[in-house]
Number of protein chains: 2
Amino acid sequence: MTNTSTERQACTMELLRQANLRPTRQRITLSFLLFGNGDRHVTAEHLHAEAVAAGEKVSLATVYNTLHQFRQAGLLRELAIDGSKTYFDTNTSNHSHFFDEQQGALIDIPEDSVRVEGLPTPPPGMRISHVDVVVRLVRE
Amino acid sequence: MTNTSTERQACTMELLRQANLRPTRQRITLSFLLFGNGDRHVTAEHLHAEAVAAGEKVSLATVYNTLHQFRQAGLLRELAIDGSKTYFDTNTSNHSHFFDEQQGALIDIPEDSVRVEGLPTPPPGMRISHVDVVVRLVRE
DNA sequence: ATTCCTGCAAAGGTTTTGCAATGGG
DNA sequence: CCCATTGCAAAACCTTTGCAGGAAT
């Protein structure tokens, strides 16, 4: 543990300020939950439950709004894993994922271990913004 | 053009029979739209609109049912591309996709051109069922 | 005749939106 | 004080489901 709680909180405030988002009580709690303790994958509902469990009074609508604001600010990446739910990843680097289809669990694969080779040139007038790799797992 | 329309229709009927699905009017039309003319990516709504435009009387619920029945029979693959919509691919081989985020358009990448290397071993008790690669494109 | 399939409408789940009330700067 | 932000409830959206009528074997 190298940071005090106060230092981490100051860091969180700085994140919000740089993203041009007013550091409201709700946003501070949510960014703390998201960025305060390593890389995470969350859904809106999951994060909302966590905030409520932590004693924060915040609505689900605000969680959705905040997640999208953070995504627009480049603090989160949206993942298309499963048609029915939207996952957000606090690790915005270009890394791959394992996905356990039965459990709905996501696991990061370190950024530099996976290489995608032999990609064709994109159609004219277009460029690659991101390469998503999802490795789907089933129980043996 | 090597097949007559009748031959293609016979082929379609054969698909359904092998999948243990009664060759009803709706299923015949839908499988013909899906498999009658090369590889395709469709959403339920898109396929429904196409069927209606072709003069077929079919409900959206039946299109959903049929797409899932075809997927269970291994005739289609479901793609997670975008949180809000489910895409189905008539090409069930393990290939990659370009996705144009602005247009929502999907383009196949030939199966053998892309290689994913350096994947770590799956967690104990699990094995890889499929590797999905989506190359997201933006306008330059 | 029996079983499967279809259509409709209603329910389901997730996400977005409109608007009045609240709270930071 | 002003304007961004919040919360609520309603709406929007895609998808699934229940069930009665219809079609296939």
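Just so we're clear, the structure is a prediction, and the values are computed from it rather than from any experiment. The analysis underlying the following values was restricted to heavy atoms, covering all of them including side chains, and did not include hydrogens, waters or symmetry mates. Throughout, a chain's letter reflects where its sequence line sits, starting with A, and its residues are numbered from 1.
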Exercise. Roughly how many Å is it from CD in Gln69(B) to P in dC5(C), rounded to a whole number?
Worked result: 7 Å
Exercise. In whole Å, what is the span from the CG atom of Asn20(A) to the P atom of dA4(D)?
Worked result: 11 Å
Seminar exercise, completed: The answer to which of Ala61(A) and Thr24(A) contacts DNA chain C further toward the 5' end, by nearest nucleotide, is Ala61(A)
For this session: Send over the distance from Arg71(B) CZ to dT16(D) P, rounded to a whole Å.
Result: 8 Å
For this session: Determine the contact category for Arg25(A): base if any of its heavy atoms lies under 4.0 Å from a base atom, sugar-phosphate if only primed atoms, P, OP1 or OP2 are that close, otherwise nothing.
Result: nothing
For this session: Starting from P on dT15(C), measure out to OH on Tyr64(A) and report it in whole angstrom.
Result: 3 Å
Exercise. dT25(D) phosphate, OP1 or OP2: any side-chain N/O from Arg22(B) under 4.0 angstrom?
Worked result: no
Exercise. 5'-most contact on DNA chain D: Pro23(B) or Glu56(A), nearest heavy atom basis?
Worked result: Glu56(A)
For this session: Starting at atom CG of Asn65(A), determine the distance to atom P of dG18(C), rounded to an integer number of angstrom.
Result: 12 Å
Problem set entry | Short side-chain N/O contact from Gln26(B) to OP1 or OP2 of dG7(C), under 4.0 Å | yes
Problem set entry | Which nucleotide in dT15(C), dG7(D), dT5(D) has an atom nearest any side-chain atom of Arg27(A) | dT5(D)
Problem set entry | Aromatic contact, His46(A) with Phe88(A) (centres under 6.0 Å) | no
For this session: Would you mind checking if Arg40(A) and Glu50(A) are paired as a salt bridge, meaning a charged N to carboxylate O distance below 4.0 Å?
Result: yes
Exercise. Hey, does Thr43(B) reach any base, or is it just sugar-phosphate, or nothing, if we go heavy atoms under 4.0 Å?
Worked result: nothing
For this session: Determine: side-chain N/O of Ser84(A) to OP1/OP2 of dT15(D), distance under 4.0 Å, yes or no.
Result: no
For this session: Among dC14(D), dC5(C), dT6(C), find the nucleotide with the atom closest to the side chain of Thr62(B).
Result: dT6(C)
Problem set entry | Asp132(A) and Arg77(A) ion-paired at < 4.0 Å | yes
Exercise. Within the structure, does a side-chain N or O atom of His68(A) lie under 4.0 Å from either OP1 or OP2 of dT15(C)?
Worked result: no
For this session: Kindly say if Thr86(B) contacts the phosphate of dT15(D), meaning a side-chain N or O under 4.0 Å from OP1 or OP2.
Result: yes
Exercise. Rounded to whole angstroms, how far apart are CG on Leu16(A) and P on dG24(C)?
Worked result: 13 Å
For this session: Let me know the distance between CZ of Phe70(A) and C1' of dT5(D), rounded to the nearest Å.
Result: 13 Å
Seminar exercise, completed: Closest of dT6(D), dC14(D), dG7(D) to the Glu45(B) side chain is dC14(D)
Exercise. Does the ring centre of His130(B) sit less than 6.0 Å away from the ring centre of Phe99(A)?
Worked result: no
Problem set entry | ILVMFWY network linking Val131(A) to Val134(B), side-chain heavy atoms under 4.5 angstrom | no
Exercise. Just how far, in rounded Å, is C1' of dC14(D) from CG of Leu79(B)?
Worked result: 17 Å
